[in-house]
Amino acid sequence: MTNVYMPRKAEIVSIIPQTDIDYTFRLKSDILPQHGQFLQVSIPKIGEAPISISDYTDEYIELTIRKVGTVTDAIHELKPGDFLFIRGPYGHGFPVEDFKNKNVVIAAGGTGLAPVKSIINRYNRNPKEIKNLNILVGFKSPKDILFEDEIKKWKEKFDVLLTVDNGDETWTGNTGLITKFIPDLKIENPDDTIVIVVGPPMMMKFTCLEFLKRGIPEKNIWVSFERKMSCSIGKCGHCKINETYVCLEGPVFNYTKSKQLLD
Amino acid sequence: MGIELDVKSFDNALKILSKKYKIFAPVRLKGKGSFSDTDLVTYGEISSYKDIELSEKSRYSPKEVIYPITQTLFYFTEDEYKEPEIDDKGIIVFLRPCDANSYLKLDNIFLKNGPYEDNYYKRLRDKVKFFVIECTKGFSTCFCVSTGSNKFLDYDVFFRFDNDKITCDVKNDEFSYAFSGKEVEFTPEFIEKNEIEVKLPDIDKISQNLEYVFNHELWDEYTKRCIACGRCTVSCPTCSCFSMQDIFYKDNPKCGERRRVWASCMVDGFTDVAGGHSYRQKYGERMRFKVMHKIYDYKKRFGTTMCVGCGRCDDVCPEYISFIKIVSKVTDAVDRGESK
Ligand SMILES: Cc1cc2nc3c(=O)[nH]c(=O)nc-3n(C[C@H](O)[C@H](O)[C@H](O)COP(=O)(O)OP(=O)(O)OC[C@H]3O[C@@H](n4cnc5c(N)ncnc54)[C@H](O)[C@@H]3O)c2cc1C
Ligand code: SF4
Ligand code: SF4
Ligand code: FES
């Protein structure tokens with residue numbers, strides 16, 4: 001009988017600090033996930049935590065992990081050459097096949113950039129797959145900015161709007177919540193535009209509303225949910241929102257579905 | 001055809017079977033009840049007729065036989081994951097039809113929900129033989145007829161315990177060798193009417209009025225009355241949620257284990273996520289979540305009501321909250337909401 005809770009060992013090949021508390025761990029792995037899928041990542045005797053795959057190639061995967069508690073603290077202690085234990089990938093990712101030849105807008109808040117970063121890099125490699133890409137990213141403050149180098153690279157090909165909630169003395173860029181910039185965004189044909197929104201619950205809620213105001217049809221909006229998850233395979237019940245198991249049917253949902261997830 | 005047994009031949013059968021099976025049944029634990037000088041009726045291993053408690057409903061259900069309260073998934077030594085071995089023996093469970101049906105409800109979650117079968121559940125579940133106890137009267141809080149779980153025909157052996165006169169129907173030939181006695185006419189009987197009848201809501205009507213049901217004021221009462229102790233979910237034979245937990249041994253921190261332990265959607269912490277955020281903070285919202293799972297969304301998913309009408313949640317609630325009443329209120333609200 002296959003043990004569905006049995007993780008496999010994955011070597012950490014490099015660790016890239018993004019901020020004081022967010023590190024990107026590159027693991028040797030041949031997992032080819034859907035964009036937006038996640039893993040259960042563990043350290044024996046410490047515990048497991050669900051983590052999005054923030055990027056991948058056929059040789060490695062990347063996880064960007066914020067240090068917030070028992071498991072993530074312990075992961076941050078690890079060094080290249082150490083091992084993490086992983087099982088997955090789990091859940092449903094973004095249906096990128098349906099996004100082909102469309103205008104795509106990606107709005108991400110904070111760590112919400114992790115689950116969509118691999119999509120952006122996919123388009124960065126194959127810009128012809130879509131009509132154009134608009135990226136909106138927001139962070140709390142300049143020191144919370146993730147993936148700075150990559151954001152720079154994306155700017156060469158795409159429209160990127162980076163904003164922070166609160167700047168500091170040296171900050172010369174945009175300030176304010178992402179929602180502030182949506183009314184002025186150039187959206188040529190709303191029916192032909194796909195919008196991806198990922199971030200903290202309140203950010204997602206109000207960002208989606210702003211896009212709806214701009215005439216984007218509900219069915220063109222995609223979000224990704226975070227819920228407590230113990231099993232990620234539809235058994236433990238923690239992630240359930242009334243009739244929906246986020247680990248199975250999500251974490252990526254179409255807005256027509258997500259707006260019905262009452263809690 | 002049935003076989004008539006006396007206590008001696010029944011005990012003899014248990015003795016024979018115990019070579020190949022662990023045998024579980026409701027038992028009375030003297031002085032272990034929640035108040036001093038009360039007993040606890042629960043599931044335990046038995047070896048003779050006198051061990052079986054038939055006069056009272058068990059407070060806890062037989063689910064722990066196949067789904068232990070705490071179950072080790074892995075033992076860790078340094079960086080290795082090792083799966084615990086299990087007993088070679090099979091499992092015989094004496095249970096009433098409602099509880100036998102509750103195993104089928106657990107099957108839906110552990111074996112059918114999502115893309116994988118839960119191997120830890122399956123390896124115990126595959127061993128189970130159903131020794132069903134005839135139950136024609138029930139107890140004061142039972143409503144198994146209303147939930148359609150009063151019958152269980154897929155038994156291995158069926159028993160009628162009439163004081164010390166025992167009659168059984170051996171459906172699974174595997175067990176014929178253990179039971180010998182006079183052959184008699186015997187038709188298993190099932191309860192056809194409980195003292196309590198509950199009308200379950202029409203799930204299509206709920207689907208059509210989901211927001212109305214969710215936001216209904218009926219739930220508010222439970223925000224005030226429920227204390228989120230989780231006893232109702234612990235005693236429920238169909239509640240199956242768990243949390244993962246890693247530990248290391250104090251005397252040898254290099255070794256440890258990963259376990260799963262029962263969790264309850266009624267208790268604080270069930271939905272906590274990073275940033276101190278949690279959902280369903282009001283107890284009334286948790287009640288809605290639990291009740292809807294039992295009578296609505298599980299049925300939508302698997303085509304059968306999750307609740308088996310055992311009434312244990314009503315028996316154990318320290319605040320005298322009645323699930324039965326809540327279900328009736330939901331049905332009422334749905335029917336009224338519809339006709340508006
Ligand atoms: C689908 C999914 C994808 C995720 N992707 C990422 C990611 O890419 N990067 C990242 O840093 N984090 C991600 N998270 C969040 C991450 O799982 C939690 O931060 C982590 O589980 C906390 O574990 P801990 O042991 O370090 O913290 P704990 O000591 O357990 O707790 C610290 C805090 O985290 C909360 N928490 C505990 N378990 C979870 C959980 N399963 N989900 C959310 N919060 C929890 C606790 O309630 C507490 O507030 C994701 C979560 C989900 C569900
Ligand atoms: S919800 Fe209550 S009546 Fe229904 S199966 Fe669970 S404990 Fe029994
Ligand atoms: S047993 Fe009663 S008080 Fe305790 S959680 Fe259940 S309904 Fe609430
Ligand atoms: S995480 Fe366990 S059921 Fe979804």
Side-chain angles (χ1 to χ4, degrees), chain A residues 1-9 40 42-50 65-72 74 82-85 87 90-91 110-111 200-202 225-249 259-263, chain B residues 73-74 76-81 83 109-110 112-123 126 207 210-211 214-215 239-249 253-258 260 263 265 269-275 277-280 285 288-289 292-293 296-298 300-301:
Chain A
M1 218 182 298
T2 42
N3 188 329
V4 292
Y5 296 96
M6 178 70 84
R8 44 199 185 280
K9 231 174 162 171
Q40 278 285 355
S42 64
I43 302 184
K45 304 182 285 283
I46 310 286
E48 268 191 326
I65 301 176
R66 173 163 292 190
K67 185 171 146 71
V68 295
T70 318
V71 178
T72 50
D82 289 341
F83 293 93
L84 274 172
F85 290 80
R87 58 185 176 93
Y90 296 123
T111 43
M202 283 301 144
F225 270 49
E226 243 184 58
R227 280 299 168 124
K228 180 157 172 156
M229 293 183 182
S230 258
C231 71
S232 298
I233 53 173
K235 315 295 181 192
C236 76
H238 281 288
C239 70
K240 194 168 160 283
I241 307 177
N242 57 77
E243 57 195 73
T244 302
Y245 289 83
V246 176
C247 70
L248 300 178
E249 282 111 57
K259 69 167 188 189
Q260 292 173 21
L261 298 177
L262 307 174
D263 227 352
Chain B
L73 305 187
F74 299 106
F76 300 128
T77 50
E78 299 285 337
D79 269 355
E80 296 307 319
Y81 281 67
E83 207 179 312
I109 300 282
F110 285 111
K112 302 200 184 110
N113 203 38
Y116 309 110
E117 290 183 332
D118 185 293
N119 49 292
Y120 292 96
Y121 177 81
K122 188 172 165 56
R123 66 183 194 170
D126 279 350
S207 284
L210 202 57
E211 287 202 38
F214 267 65
N215 300 322
C239 273
S240 57
C241 294
F242 61 84
S243 297
M244 298 284 225
Q245 205 177 66
D246 276 29
I247 56 142
F248 53 84
Y249 304 132
K254 285 200 169 128
C255 298
E257 56 192 76
R258 178 162 300 159
R260 66 167 163 212
C265 61
F270 190 77
T271 62
D272 285 8
V273 296
H277 203 74
S278 75
Y279 303 84
R280 300 189 295 272
E285 294 169 343
R288 183 205 70 216
F289 180 79
M292 294 298 261
H293 195 209
Y296 164 66
D297 56 85
Y298 177 101
K300 211 169 150 191
R301 192 169 275 262

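Each chain gets a letter, A, B and so on, in the order the sequences are listed, and its residues count up from 1.
Per-residue counts of heavy-atom pairs under 4.5 Å with chain A were compared for B:Gly256, B:Ser243, B:Pro253, B:Pro115; the largest is that of B:Ser243. Ranked by non-hydrogen atom pairs under 4.5 Å with chain B, the options A:Cys236, A:Gly234, A:Gly69 are led by A:Cys236. When the candidates B:Tyr296, B:Phe248, B:Phe289 are compared by the number of heavy-atom contacts under 4.5 Å with chain A, B:Phe289 comes out ahead.
The two residues A:Glu226 and B:Val273 come nearest to each other via the heavy atoms O-CG1, 4.4 Å. Of all heavy-atom pairs between A:Tyr245 and B:His293, the closest is OH-NE2, 3.9 Å.
Looking at A:Leu248, the atoms closer than 4.5 Å to chain B (heavy atoms on both sides) all sit in the side chain, from C-beta outward. For a residue to count as touching a neighbouring chain, one of its non-hydrogen atoms must lie under 4.5 Å from one of that chain's; by this rule B:Glu117 touches chain A with the backbone only. Residue contact with chain A, scored on non-hydrogen atoms closer than 4.5 Å, involves the side chain of B:Phe76 exclusively. For B:Met292, no part lies under 4.5 angstrom from a heavy atom of chain A. Contacts between A:Glu249 and chain B at a heavy-atom distance below 4.5 Å involve the side chain alone, from C-beta outward. Within the 4.5 angstrom heavy-atom criterion, only side-chain atoms of B:Arg288, from C-beta onward, approach chain A. With a 4.5 angstrom heavy-atom cutoff, B:Ile109 touches chain A via backbone and side-chain atoms both. Both the backbone and the side chain of A:Met6 have a heavy atom closer than 4.5 Å to some heavy atom of chain B. In this structure, no portion of A:Pro200 lies under 4.5 Å from any heavy atom of chain B. Proximity to chain B is limited to the backbone of A:Thr2, based on heavy atoms less than 4.5 angstrom apart.
Note that the CD1 atom of A:Ile241 and the OG1 atom of B:Thr271 stand 10.0 Å from one another [nearest 0.5 Å]. Considering CG of B:Asn113 and SG of A:Cys231, their distance stands at 9.0 Å, rounded to 0.5 Å. Remark: A:Ser42 OG to B:Asp246 CG distance equals 7.0 Å, nearest 0.5 Å. Distance check: B:Asp118 CG to A:Asn3 CG gives 8.5 Å after rounding to the nearest 0.5 Å. With values rounded to the nearest 0.5 angstrom, B:Arg123 atom CZ is found 8.0 Å from A:Met1 atom CE.
Residues A:Pro7 and B:Phe74 are in side-chain contact: their nearest non-hydrogen atoms beyond the backbone lie under 4.5 Å apart. Using a 4.5 Å heavy-atom threshold, the side chains of A:Lys240 and B:Cys241 count as separate. At least one side-chain heavy atom of B:Tyr279 sits under 4.5 Å from a side-chain heavy atom of A:Arg227. Proximity of B:Phe214 to A:Asn242: side-chain heavy atoms (C-beta onward) are separated by under 4.5 Å at one or more points.
Side-chain N or O atoms of A:Lys235 include one that pairs as donor or acceptor with a backbone N or O of B:Phe110 at under 3.5 Å. Under a 3.5 Å cut-off, the side chain of B:Asn119 and the backbone N or O of A:Val4 do form a donor-acceptor pair. Panel note: side chain A:Lys45, backbone B:Cys255; no donor-acceptor pair is recorded below 3.5 Å. Not a single donor-acceptor pair under 3.5 Å links the side chain of A:His238 to the backbone N or O of B:Cys265.
Ring-plane geometry between A:Tyr5 and B:Tyr120 is classed as tilted, the angle between the planes lying from 30 to 60 degrees on a 0 to 90 degree scale. Aromatic ring pairs are classed by plane angle as parallel below 30°, tilted from 30° to 60° and perpendicular above 60°; the pair A:Tyr90 and B:Tyr116 is perpendicular.
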Yes or no on side-chain contact (heavy atoms from CB on, under 4.5 Å) for A:Glu48 and B:Arg258, after CA distance, side-chain angles and deciding distance?
CA-CA 9 Å; A:Glu48 268 191 326; B:Arg258 178 162 300 159; 3.6 Å; yes
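Heavy-atom neighbours of B:Lys254 NZ from other residues, nucleotides or ligands within 6.0 Å: at or below the threshold of 12.
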